[in-house]
Number of protein chains: 2
Amino acid sequence: MLKEFASHGYANASTNRMVQEAGIGKGMLFYYFKSKEELYRYCLEYCIDFISSEYLAQLDLTEPDFMIRFKKAGEIKMRAYLQNPLPFLFLASTYIRRDAPELVPDLYQRLEELTANGLKAMFANIDTSLFRQDVAPEQIINLIRWAIDGWSSETIAALENQDLTDYDWDSTFAEFDELLSALRKILYRRAAHGDCTGE
Amino acid sequence: MLKEFASHGYANASTNRMVQEAGIGKGMLFYYFKSKEELYRYCLEYCIDFISSEYLAQLDLTEPDFMIRFKKAGEIKMRAYLQNPLPFLFLASTYIRRDAPELVPDLYQRLEELTANGLKAMFANIDTSLFRQDVAPEQIINLIRWAIDGWSSETIAALENQDLTDYDWDSTFAEFDELLSALRKILYRRAAHGDCTGE
DNA sequence: AATTAAATTGACCACACTGGTCTAGAAAGG
DNA sequence: CCTTTCTAGACCAGTGTGGTCAATTTAATT
């Protein structure tokens, strides 16, 4: 169901394909859900719950070092995604398609709030004294974000055509650590002795 | 036509909507194109031609300073996009939907080649001696790419809900320049006197 | 003006597929 | 044995599809 909605959008999702994919009779679907609309709403709630509990609620927002915090967040997200990617795909799909505006009137507001709260918390209480001082800390945070996002999306894109059953994750993680250490070298204060940035 | 294909994909694009949007009779479409498939192929060729001539062919690949080269490329792309955004949207749509695989068998290979050649040329003959030496130059190139990509997509996303008729572009460009100077400060060799990275 | 040719329209077609219903029966439980 | 809960899939009216075609307007040519 989630897959059908995610890949075709609400309007073009076919209940016939759903029951075929699920291997059940058409009657069942409309026995448990009185309409396609109700099914959609149920899926929505399920996905929001899943992502809230398996991803957002797991974030460690106390870690002052932004890079560590962000790295942990990435691992949590990846774990949740690998456990069940469909809620992510479903919500991303509804969000970018703007598919069901009057179907669930306050949906987009809720999604905005969800991500906005997540992001706000993500960027709150960061120890900016770790950063180099000659570039604005917001700029540094952006650079870290964009670097990690860019690396992630390119890595995921590269993995998409692979057989992941016996994939060598270690080298991927090593690559990620390399990226992080480069970021630290570039964006953080030089450790202790002789801060040659001049402050 | 491009808009219809771009926003619905080949299968769900409606020839009825196309003729309505274009304000012509249904007959005309099938007078000039014998089928939806032929129309699609024509659109494809048109878009590839447009992007090749108005974007890829305009790139200045001699500029040794990567950041300047990339900045110019961004401006060229933006100019082409503003002149006619539909080819970009059309090709992006076909590429991500993987919509017409057996319709145009060698399509994806051609698109891969197009972008691959573009990217390869884009990253060839770069003067890496301008970069700081304590981080691998490929890593630096990636960081610049990701930063510019991230900034661009967030800026575009923010602009999408705006009225652009009398938008203040100067502040946007200024923001972009700020980003570039931060990148230069962070990723390039310190100019001349006292290179404190120690080589 | 008369005739031929090109361009244009929209009603129309068979067909595919839609969300949803409903009958008929299988399972389960008492 | 009866009742209740599940389950299946044939079926329905409706909508939209890509594509056709006879009819008509417009343009070109003689």
Side-chain angles (χ1 to χ4, degrees), chain A residues 1-48 86-87 89-108, chain B residues 1-48 86-87 89-108:
Chain A
M1 318 274 186
L2 294 181
K3 196 156 86 180
E4 179 70 16
F5 278 130
S7 54
H8 294 85
Y10 175 76
N12 287 87
S14 159
T15 52
N16 291 340
R17 276 195 301 260
M18 287 180 194
V19 297
Q20 191 170 27
E21 171 80 11
I24 63 174
K26 186 86 166 285
M28 287 318 298
L29 183 62
F30 290 92
Y31 179 70
Y32 288 111
F33 302 92
K34 75 171 197 277
S35 69
K36 185 186 180 184
E37 196 176 318
E38 191 178 295
L39 169 66
Y40 185 81
R41 269 194 277 263
Y42 178 86
C43 290
L44 202 58
E45 295 299 330
Y46 170 80
C47 289
I48 291 179
L86 289 177
L89 302 177
F90 180 94
L91 285 189
S93 166
T94 59
Y95 190 79
I96 63 164
R97 286 183 209 261
R98 313 242 129 212
D99 219 0
E102 59 280 334
L103 210 72
V104 187
D106 58 341
L107 167 61
Y108 293 102
Chain B
M1 317 272 184
L2 294 182
K3 195 156 87 181
E4 179 69 17
F5 278 131
S7 54
H8 294 85
Y10 176 76
N12 287 87
S14 158
T15 52
N16 291 343
R17 277 195 300 260
M18 288 180 194
V19 297
Q20 192 171 26
E21 171 81 10
I24 62 174
K26 185 84 168 285
M28 286 318 297
L29 183 62
F30 290 92
Y31 180 67
Y32 288 110
F33 303 93
K34 74 170 199 280
S35 70
K36 185 185 180 184
E37 197 176 317
E38 192 179 295
L39 169 65
Y40 184 81
R41 267 194 278 264
Y42 178 85
C43 291
L44 201 59
E45 296 298 331
Y46 170 79
C47 289
I48 291 179
L86 290 176
L89 302 176
F90 180 94
L91 285 189
S93 165
T94 59
Y95 190 78
I96 65 166
R97 287 183 207 262
R98 312 245 130 211
D99 218 359
E102 60 280 335
L103 209 72
V104 186
D106 59 341
L107 167 60
Y108 293 102

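Letters A, B, ... are given to chains in the order of the sequence lines, protein chains preceding strands, and every chain is numbered from 1.
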Salt-bridge contact A:Arg41-A:Glu37 (side-chain N to carboxylate O under 4.0 Å): yes

Along DNA chain C (nearest heavy atom to each residue), the more 5'-positioned of A:Gly27 and A:Ala13: A:Ala13

Atom pair distance, as rounded to whole Å: NZ in B:Lys36 and P in D:dG18: 4 Å

Side chain of A:Thr15 (C-beta onward), nearest among D:dC6, C:dG19, C:dG20: C:dG19

Rounded interatomic separation in angstrom, taking CG from A:Asn12 and P from D:dT15: 17 Å

Residues A:Arg17, A:Glu21: salt bridge by 4.0 Å N-O rule: no

Rounded distance in Å - CZ (B:Phe30) to C1' (C:dA11): 15 Å

Separation of D:dG18 P from B:Phe5 CZ (nearest whole Å): 9 Å

Mutual orientation of the aromatic rings belonging to A:Tyr40 and A:Tyr10 [parallel < 30°, tilted 30-60°, perpendicular > 60°]: perpendicular

Whole-Å distance separating the OH atom of A:Tyr32 from the P atom of C:dG19: 21 Å

Length of the CD-C1' vector between B:Gln20 and D:dG18, whole Å: 16 Å

Short side-chain N/O contact to D:dT17 OP1/OP2 from B:Asn16, under 4.0 Å: yes

Cation-pi check, B:Arg97 onto B:Tyr95 ring (under 6.0 Å, within 45° of axis): no

Atom-pair distance (CD on A:Glu38; P on C:dG19), nearest Å: 15 Å

Closest-nucleotide 5' rank along DNA chain C - winner of A:Glu37 and B:Gly23: B:Gly23

Shortest non-hydrogen separation from B:Tyr46 to B:Pro87 and the atoms involved: CE2-CG, 4.3 Å

Nucleotide nearest B:Ser14 (side chain, heavy atoms from C-beta), chosen from C:dG19, D:dG18, C:dA7: D:dG18

Closest-nucleotide 5' rank along DNA chain D - winner of A:Tyr31 and A:Lys26: A:Tyr31

Rounded interatomic separation in angstrom, taking CD1 from B:Ile24 and P from D:dT24: 21 Å

Sugar-phosphate only, base, or nothing, as touched by A:Phe33 at under 4.0 Å among non-hydrogen atoms: nothing

Touch class at under 4.0 angstrom, heavy-atom based, for B:Leu29 against every strand present: nothing

side-chain N/O A:Arg17 vs C:dT18 OP1/OP2, d < 4.0 Å: yes

